[in-house]
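A short write-up of the structure that comes next.
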Amino acid sequence: MLDTLNSPQREAVKYLDGPLLVLAGAGSGKTRVITQKIVYLIEKCGYLPKEIAAITFTNKAAREMQERVGKMLESKSTKGLTIATFHSLGLQMLRQEAALLGYKPQFSILDSSDSFKILADVLATTDKQLLRKTQWQISSWKNAFINPDQAKQLADEELTHAAAKVYQIYQQTLKAYQAVDFDDLIKLPVELFEQHPEALAKWQRKLKYLLIDEYQDTNACQYKLVKMLTGIEGRFTAVGDDDQAIYGWRGADVENLRQLTEDFSRLKVIKLEQNYRSTVRILRAANQVIANNPKLFEKKLWSDLGTGDLIQVSAARDEEHEAEAVVMKLMAHKFEHRTKHLDYAILYRGNYQARVIEQQLRNHKVPYTVSGGQSFFDKAEIKDLVSYLRLIANEDDDPAFIRAATTPKKGIGNTTLERLGEYASLHKISLFAAAFEGEFQRELGNRQLEDLLNFCQYINKIQERAERDPAGEVLTDLLNTIQYEVFLYDSEEPRAAETKWKNVLDFTGWLTKKGEGDDANEERNLLQLTQMISLMSMLEGRENGEPDAVKLSTLHAAKGLEFGHVFLIGVEEGILPHRESVEADKLKPGKIEEERRLMYVGITRAQKSLNISWCKKRKRAGETEICEPSRFLAELPQDDVRHFGGPAADPATSKEHGKERMAQIRAMLGNQNKG
DNA sequence: CACTCCGGGATTTTT
DNA sequence: TCCCGGAGTG
């Protein structure tokens, strides 16, 4: 089984004497190491599947890993094996230990638009900018494991102090709703384990071995959780690549990699440097660019896949010309090499950059898919339905109550809700509970009261059914009762209504299937299903329409993917590196390095050919702006590059800049080591 | 006073 | 593309 691995990979799989960090370069087979190690632990080392947890960041990664392990373990069961995202593992723990934190096990999970609305209430404002900022601030605090009290103490300016107060009220509100937000799914388990060592001991006993994917993306809170679960013996394998850390801006801290060496003095480090993806030239480019960043661990990718084509760097007049040139080149290349559309990717820094490209692709009838887009759960029709489910599971979930009570309209209007809200907050109870209070009922007109009670009583009725009857039946009853299909056709264009209704049916169909236990697990009723849906990935990864299409993607969203031929566009100062990062780097160095890693991620997506382009001019804020080629272009190995149309940056200038920066970095590292 | 329509502008995203 | 803000209309 292990003979298909190269020697460091094999070593990584077999190493069990202590904590292990696998530094896996791009395309070096890190997923293979994780999946093989899971199989090895079960088949060769006598671990039970339920004693192992593999943790990823995205549902997609978890699903892929699940599939691969499933195939390899055919004979033996994978029952009980945990392959989950940080968030769903956190959820699992919270559901089981909810009582210890004063939550009921059916607590709700709020999405970011719910929490946005709560903040709008707390701050009594509609200023979206301020709300977004506050939301971001609170999220950052949670990711750094900072409580409202600590946040208040830390706040150095008035604005942050105000935000800390909002944070506190926000947190109290969530508790009252018996709800948690996404960040809480990681933060609360850590709190739980700090306050209840016996609960921690229980989970440490249960999970005997941990494997963590994309370790460089962990934030402080996630690292804390890992450290707690693996205990002092450090029974874990962390796999990551510091050169691909591109999520610093959302709390991921590469520092966690260094911290690992400090926290676990016995930490073993294995590097995977053989790349199975790209040509020598592409790897030379990647290595040389990233060599400009300070390194904690030296790492150099190599491959035996041949020298390959020269890397092309083209200058375009402006973004329109660039788009045209890229699409032309792509089409010619495809014709010449008899490749498929899906062998090509066009990568860029910001979503909006896709616009011109899309235009060109449409003009030339080239099929394409754009990465990202809103998730299934963000669709209004799904949120409507989910709000009913959330309310059924947890009648204290006020955001769900408001949405369900008002969509479709059922005679419960704003005034009723306002009065209900006033009464509820005065008496510190949920909206649902308030509706049944005699004192409140006397305040309300007969008509309004009747409609309100109809709704609440129906929820009560369906709550009982949800526990007993099959999920499918209950859902059908629900949709019939609220007349959701009629509602859609009343409020939408027929076309839109049709797709929305189809989405609803897709969703319920899929939910019911889950309820019947498609992986031969025990049957689940609607309540149990409801408790997991907000974290389930569905229809995700299923690209709509054309399976053979050119991929358009941001550099961030392209991490983990590979393509035969890659076009990297808009490689200019101000875009890559992004203007904001350049500015931020002046105050607090480090941002440019993250931009460089972004460039590195882009380069290493390519297997056979790499085309880089930049614009000499670009429209911005109504004016035409003169653009400089990105400093990263000068960092490429010029022997492997062929330039088209105009000079790139003067290598000498950029070299000077690089040297200067390296000196700074060395000084910085030196200080760190001393301190 | 509120709603709609149009034009301009844009980091990066998951759960 | 999507979102926001300003102008123009009922």
Side-chain angles (χ1 to χ4, degrees), chain A residues 55-63 84-92 94 109-115 126-129 131-132 135-136 139-140 142-143 180-189 213-214 217-219 221-222 244-252 319 347-359 361-362 368-378 532-538 540-541 552-560 570 572 574-585 591-592 594-599 601-602 618-623 625:
Chain A
I55 312 176
T56 64
F57 276 84
T58 64
N59 285 314
K60 194 171 155 221
R63 206 185 322 117
T85 60
F86 264 105
H87 294 266
S88 68
L89 181 66
L91 176 63
Q92 236 182 77
L94 278 184
I109 302 167
L110 302 186
D111 64 28
S112 69
S113 72
D114 288 320
S115 63
T126 52
D127 180 346
K128 295 215 167 133
Q129 192 105 56
L131 287 168
R132 266 215 314 273
Q135 192 174 32
W136 184 85
S139 176
S140 309
K142 287 189 176 185
N143 288 159
V180 303
D181 65 17
F182 284 128
D183 300 319
D184 285 338
L185 291 175
I186 319 283
K187 187 176 171 267
L188 290 180
D213 191 19
E214 303 278 15
D217 287 342
T218 48
N219 60 40
C221 215
Q222 287 159 335
Q244 291 185 72
I246 54 176
Y247 285 107
W249 52 274
R250 67 177 198 210
E319 60 263 65
L347 308 179
Y348 37 81
R349 178 65 225 260
N351 277 309
Y352 66 95
Q353 291 176 266
R355 201 184 131 243
V356 240
I357 301 282
E358 281 185 77
Q359 193 79 262
L361 289 170
R362 268 197 303 269
Y368 66 87
T369 52
V370 187
S371 77
Q374 115 244 63
S375 99
F376 196 70
F377 285 102
D378 283 338
M532 33 198 298
I533 43 178
S534 40
L535 289 185
M536 293 193 296
S537 65
M538 62 167 307
E540 193 190 319
L552 302 195
S553 170
T554 60
L555 287 163
H556 284 92
K559 193 169 72 142
E572 297 135 39
I575 295 205
L576 186 68
H578 195 275
R579 164 181 291 96
E580 309 262 319
S581 300
V582 177
E583 289 308 310
D585 194 84
K591 285 286 189 181
I592 299 282
E594 183 153 320
E595 297 289 305
R596 187 175 281 110
R597 291 193 287 269
L598 218 37
M599 177 82 183
V601 166
R618 183 177 285 275
K619 275 197 279 293
R620 214 188 103 83
E623 319 246 323
E625 198 181 60

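Chain letters run A, B, ... following the sequence lines, proteins first and then strands; every chain starts at 1. FYI, side chains are in, hydrogens and waters are out, and symmetry mates aren't considered; it's all heavy atoms of this structure.
The aromatic ring of A/His578 stacks onto the base of B/dT11, its centre lying under 5.5 Å from the centre of the six-membered base ring with the two planes under 30° apart.
Residues meeting the side-chain hydrogen bond (donor to acceptor under 3.5 Å, both in side chains) test with A/Ser553, sequence neighbours left out: A/Ser371. With sequence neighbours excluded, the residues satisfying side-chain hydrogen bond (donor to acceptor under 3.5 Å, both in side chains) with A/Ser115 are A/Gln135. Every residue two or more places apart in sequence or in another chain was checked for a side-chain hydrogen bond (donor to acceptor under 3.5 Å, both in side chains) with A/Gln92, and none qualifies. The side-chain contact (heavy atoms from CB on, under 4.5 Å) search around A/Arg579 returns A/Arg620, A/Glu625, not counting sequence neighbours. Legend: residues meeting side-chain contact (heavy atoms from CB on, under 4.5 Å) with A/Asn219, ordered by chain and number and at least two apart, are A/Asn143, A/Cys221, A/Gln222.
A/Asn59 places its CG atom 13 Å from the C1' atom of B/dT13, with the value rounded to the nearest Å. Between the CD atom of A/Gln222 and the C1' atom of B/dT14 there is a distance of 10 Å, rounded to whole Å. If you measure from atom CG of A/Asp111 to atom P of B/dT14, you get 14 Å, rounded to the nearest angstrom. For the pair A/Asp217 CG and B/dT15 C1', the interatomic distance rounds to 13 Å; values are reported in whole Å. Note: CD1 (A/Ile575) to C1' (B/dT12) measures 13 Å, nearest angstrom. Atom CG of A/Leu555 is separated from atom P of B/dT11 by 16 Å (rounded to the nearest Å). Between the CG atom of A/Asp181 and the P atom of B/dT14 there is a distance of 17 Å, given to the nearest Å. With rounding to whole Å, A/Arg349 atom CZ is found 5 Å from B/dT12 atom C1'.
Using modelled atom types, one side-chain atom of A/His87 and one backbone atom of A/Phe182 make a donor-acceptor pair closer than 3.5 Å.
For the pair A/Arg250 and A/Tyr247, the cation-pi criterion (under 6.0 Å, within 45° of the ring axis) is fulfilled.
Between A/Asn351 and the phosphate of B/dT13, there is a side-chain N or O to OP1/OP2 separation shorter than 4.0 Å.
The residue among A/Tyr352 and A/Thr554 whose nearest nucleotide of DNA chain B is located toward the 5' end is A/Tyr352.
Taking every side-chain heavy atom of A/Trp249 into account, B/dT13 is the closest of B/dT11, B/dT13, B/dT15. Taking the side chain of A/Arg250 as heavy atoms from C-beta on, and the options B/dT12, B/dT15, B/dT14, the nearest nucleotide is B/dT14.
Distance noted for atom C1' between C/dG5 and B/dT12: 24 Å (whole Å).
A/Phe57 comes within contact range of the sugar-phosphate backbone alone, with a heavy-atom separation under 4.0 Å but no base atom that close.
Boundaries of the chain A contact region on DNA chain C are C/dT1 to C/dC4, first to last in 5' to 3' order (nucleotide atom under 4.0 Å from a heavy atom).
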